[in-house]
Structures are given as C-alpha cells and as structure tokens.
Amino acid sequence: MGAGLGFLLAMVLFSGVRRRVEEAKPPKCFEGLPITLVSAAIVALSFTGFGGLVENIFGG
C-alpha cells in the first residue's frame with residue numbers, strides 16, 4: 001500500500017512539473033525528451049533529499 005501511495009505522489013508531482021515546463025517554453029535544444037529527463041532528475045534528487053530527511057527524523 002505504501003509503494004502505491006508513493007508512486008501516486010510521484011506521478012502527481014511529476015505531472016505538475018511537466019505542466020510548468022510546458023508553460024515555460026524551454027530553449028529549442030531542450031524541447032521534448034531532454035527537458036523531460038532533466039525534470040525527472042530534479043524530481044529524483046528531491047525524493048532523495050526527502051528520504052535523507054526522514055531517516056534523520058526517525059533514526060531509521
């Protein structure tokens with residue numbers, strides 16, 4: 001159940017990121033797949049940071 005909720009949270013956050021990227025009109029060289037990969041990397045870094053924060057709070 002936790003994995004399903006985590007996946008749902010990731011998809012909701014990533015859809016918000018994609019919507020904002022589409023509105024921002026990135027440079028021509030980043031349109032399409034490159035900006036999607038950069039966005040995915042930034043979202044992954046945020047989840048990694050959040051994971052470290054949770055470990056420090058709960059001592060896991």
Heavy-atom side-chain contact between L5 and L9 under 4.5 Å: no
Indicate yes or no: does R20 engage E23 in a salt bridge with an N to O separation below 4.0 Å. no
Point-to-point distance, once rounded to the nearest 0.5 Å, from [atom1] of [X] to [atom2] of [Y]:
X   : Y   : atom1 : atom2 : result
F47 : F14 : CZ    : CZ    : 10.5 Å
L37 : I42 : CG    : CD1   : 11.5 Å
T36 : E31 : OG1   : CD    : 11.0 Å

Can you name the nearest heavy-atom pair linking C29 to P34, along with the distance? O-CG, 3.9 Å
Considering all heavy atoms, the nearest S39-V21 contact: OG-CG2, 3.7 Å
